[in-house]
Each structure stands twice: as structure tokens, then as C-alpha cells.
Q: 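Sending over a structure as C-alpha cells; questions will come in a sec.
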Amino acid sequence: MIYIIVAAVTAFSKYKRGTGGYNNYLIFKGVFYNTLQERNIFLQYPDLFFDSNHYGVFFSLLIAPFAMMPDGFGAVLWNVASTLVFLYAIYKLPFSNAKKSFFAWLCLQEFITAATYFQFNIILTGLLILSAVYIYERKETQSAFAILIGTFVKVYGIVGLSAFFFIKNKTKFIISFIIIAILFFVLPMLISSVHFGVQSYVDWYVSLSEKNLSNQTLMSRQDYSLMGVVRRVMGNADISNLIFLIPGFAFFMLPYFRIKQYKSLPFQMMILASTLLFIVLFSSSSESPTYIIAVSGVMIWFLMQKKISKIDIGLLVFVMIFTCFAFSDLFPKFIKEEVFIKYSTKAIPCILIWFRVMYELLTRDFEKDYKLD
């Protein structure tokens with residue numbers, strides 16, 4: 001109930017500030033109407049909103065029910081609907097009710113940050129958690145569905161395939177994945193045209209490529225990533241992502257060689273925690289509202305600890321203060337600008353925890369050393 005109230009009040013307060021307050025929602029709304037009119041959904045339309053859209057054309061169908069409402073109702077209900085997806089994912093986690101409650105409380109600040117900007121990241125976090133839980137529950141079709149919604153909206157969703165090796169019925173999953181992917185590819189064409197739909201995917205690639213280049217600056221409010229920290233500390237915006245992505249992905253994949261651990265649900269959940277952290281820390285598009293994804297990974301890691309050490313508590317506090325509250329009123333403006341933005345400091349606590357997660361994935365016996373209840 002607190003989450004729903006926060007989502008509604010946050011959306012309404014932003015709406016009351018005028019179009020500048022809910023600009024992101026106007027961009028989302030524009031995806032639907034521009035698709036109907038077959039106008040490039042990735043261009044800027046200053047008469048309607050500022051900035052540009054970076055979500056796939058499939059998003060036009062998800063936002064459609066809200067876009068057709070008056071802006072006030074649509075904005076509030078969009079935030080509430082996003083929240084319900086996230087809450088359902090928390091409910092489905094294989095933890096006790098007490099741990100689920102703890103998870104929700106500690107994610108609340110990052111949730112507020114994402115909800116303030118009407119971010120799809122709230123839904124994406126829920127979808128990634130659900131995709132992993134559904135695989136454990138042997139609901140392959142539902143898992144494929146969750147992965148592909150995220151993929152067709154924001155590409156990030158494809159990392160849900162990190163749980164592929166744990167699937168019992170891989171044939172069912174692959175067939176479901178292909179059928180749903182074709183369906184999602186075609187559906188936007190029903191409200192536009194085949195030519196527009198295909199062209200939109202080409203335009204999406206161009207849009208994301210341009211956005212990636214624009215993110216790699218030393219003072220933007222994006223690139224809060226592992227690469228961003230190094231680029232900003234070194235004062236060199238030209239350092240390539242590939243220097244980090246190639247070894248980072250290879251390191252990320254190392255735990256999959258521990259095949260005997262596959263049957264352990266704690267091992268699967270720790271892979272999920274690693275995945276949620278990885279996609280944020282290795283993306284130059286990561287901004288403050290993106291960290292609802294990474295912080296959810298942090299909480300999964302923390303709640304699985306059988307014996308919580310002082311180091312674990314210290315890392316959690318580090319995340320809460322310097323990641324979750326980085327851009328809150330807890331810190332004065334000059335600290336935000338000269339530390340958190342200048343050096344992508346928001347990413348640092350999550351970077352440390354990701355390396356801790358990877359160490360545990362590579363060394364621990366998950367049947368003995370972890371518990372979920």
C-alpha cells in the first residue's frame with residue numbers, strides 16, 4: 001500500500017508542476033501517437049516534449065491504454081501499474097515474508113527516484129526477477145514472455161537469458177521464445193504499417209548507437225557505470241566501453257562452469273543478483289533512476305546470506321548512503337556535482353558488491369552456505 005501511494009502521489013505531484021514535471025511521460029505518450037501517425041518515434045518534437053524516446057516501437061502498445069487517458073490520470077495509473085509489476089515480482093521471490101518486506105523497504109528510496117521520472121526500469125526490474133523465478137517454477141513460456149517484454153522495450157531484458165542454463169525444458173522455452181518474439185515484432189504493425197514497423201527497428205538501432213556516444217561525456221547525468229567511474233577519474237571520455245565489456249562479460253560467465261551448483265536455487269538467485277548488477281554497471285546509459293535494477297540485485301545478495309558479517313552490513317550501508325541517497329537532500333548540491341556526478345560515485349558501492357557476488361559465485365557451496373527462508 002505504501003508503494004502504491006508513493007507511486008500515485010509522486011506522479012500527481014509531477015503532473016501538477018506542468019509539462020516539464022512529467023516530460024518523460026509525455027515522451028512515452030508520444031511513442032503511441034507517433035506510431036499511429038507513422039512518424040519516427042525517435043526524433044525530437046519540441047512542440048510536444050523535450051529530449052527523445054529510446055524505447056522500442058513495441059512500447060507503443062504497452063503505453064496505449066494510459067496515453068488515451070487525460071494526462072493526469074494516465075501518468076498516475078502508469079506509475080501505479082509499473083509499481084504493481086515490481087511488487088508482484090517481490091511477492092514471487094523465494095524468500096520469507098519478513099525478507100520480502102525487508103527487500104521492499106530497502107528498495108523504496110531507489111523506487112522513488114525511478115517513479116519520479118516515470119521510469120520503465122521499475123517494470124524491467126520486476127520482469128527480470130520474474131523471468132528467473134518462472135524458470136525455477138518450470139513456467140518456461142511465462143519466463144520467455146517476461147524476458148521479451150523487457151527486450152522489445154529496452155533491450156536490457158535480454159539478460160534474462162542468464163538463467164537459460166537452469167531451464168529444465170529447453171525445447172519448450174526456445175519454441176515459446178521464438179513464437180512470442182515474432183508476435184511482439186509484428187504487433188506494432190497492426191496499429192501502423194509493416195514498412196513503419198520494420199523501419200522503426202532500424203531507427204531504434206541508430207538511436208541507441210547515438211545515445212551511447214553522447215553518454216560518454218565527463219559531466220553528464222548518465223554513464224554511472226564501471227566504465228564511467230574510470231573515465232571520469234582518469235579525465236578521459238575516449239576510453240572505449242569494449243575495454244571493460246569483453247573482460248567483464250568473460251568474468252560474468254565464469255560461474256556457469258560450476259555445473260554441479262545449477263540445481264541449487266540459492267545459486268540461481270545469486271546469478272540473478274549478479275545479472276541485475278551487471279547490466280547497470282556495464283552500461284554507459286546507466287543514470288540515477290536505473291539503479292532500482294542494481295539495488296534490487298544488492299538486496300537479493302544480502303538477504304541470501306546465512307551468516308551476515310560486519311563487512312556485509314558495511315557494504316549494505318555503503319550502498320544505502322552513497323547509491324540510494326546520492327541525489328537526495330542528504331547531501332548538499334556541491335557534493336552532488338563535485339563528487340557524485342563528477343566521478344560517477346553512485347556506481348562505486350554497487351561495483352564493490354558485484355565483485356563480492358562474483359567471488360561468492362565462484363567459491364561457495366550454495367547448498368550449505370546460503371538460505372532463502
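Source: prediction; values computed, not measured.
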Q: Which class fits the ring pair Tyr370 and Phe366: parallel under 30°, tilted 30 to 60°, perpendicular over 60°?
A: parallel

Q: Trp354 vs Phe251 aromatic rings, parallel, tilted or perpendicular, using cut-offs 30° and 60°?
A: perpendicular

Q: Would you call the rings of Phe165 and Tyr256 parallel, tilted or perpendicular if under 30° counts as parallel and over 60° as perpendicular?
A: tilted

Q: Identify whether NZ of Lys or CZ of Arg in Lys14 sits under 6.0 Å from the centre of the six-membered ring of Tyr117 and within 45° of that ring's axis.
A: yes

Q: Identify the two heavy atoms, one from Leu265 and one from Glu367, that lie closest to each other, and give their separation to 0.1 Å.
A: N-OE2, 4.5 Å

Q: Do NZ/NE/NH1/NH2 and the carboxylate oxygens of Glu287 and Arg221 come within less than 4.0 Å?
A: no

Q: Exactly one of Phe282, Phe340, Phe327 should register a ring-ring contact (aromatic ring centres under 6.0 Å, His included) with Tyr224. Which one does?
A: Phe327

Q: Between Ile271 and Phe166, is there a side-chain heavy-atom distance shorter than 4.5 Å?
A: yes

Q: Is it true that the side chains of Asn212 and Ser284 contain a donor and an acceptor less than 3.5 Å apart?
A: yes

Q: Side chains of Tyr15 and Asp71: donor-acceptor distance under 3.5 Å anywhere?
A: no

Q: Would you please classify the geometry between the Tyr25 ring and the Tyr22 ring as parallel, tilted or perpendicular, with 30° and 60° separating the classes?
A: tilted

Q: Is the Phe86 ring parallel, tilted or perpendicular to the Phe103 ring (thresholds 30°, 60°)?
A: tilted

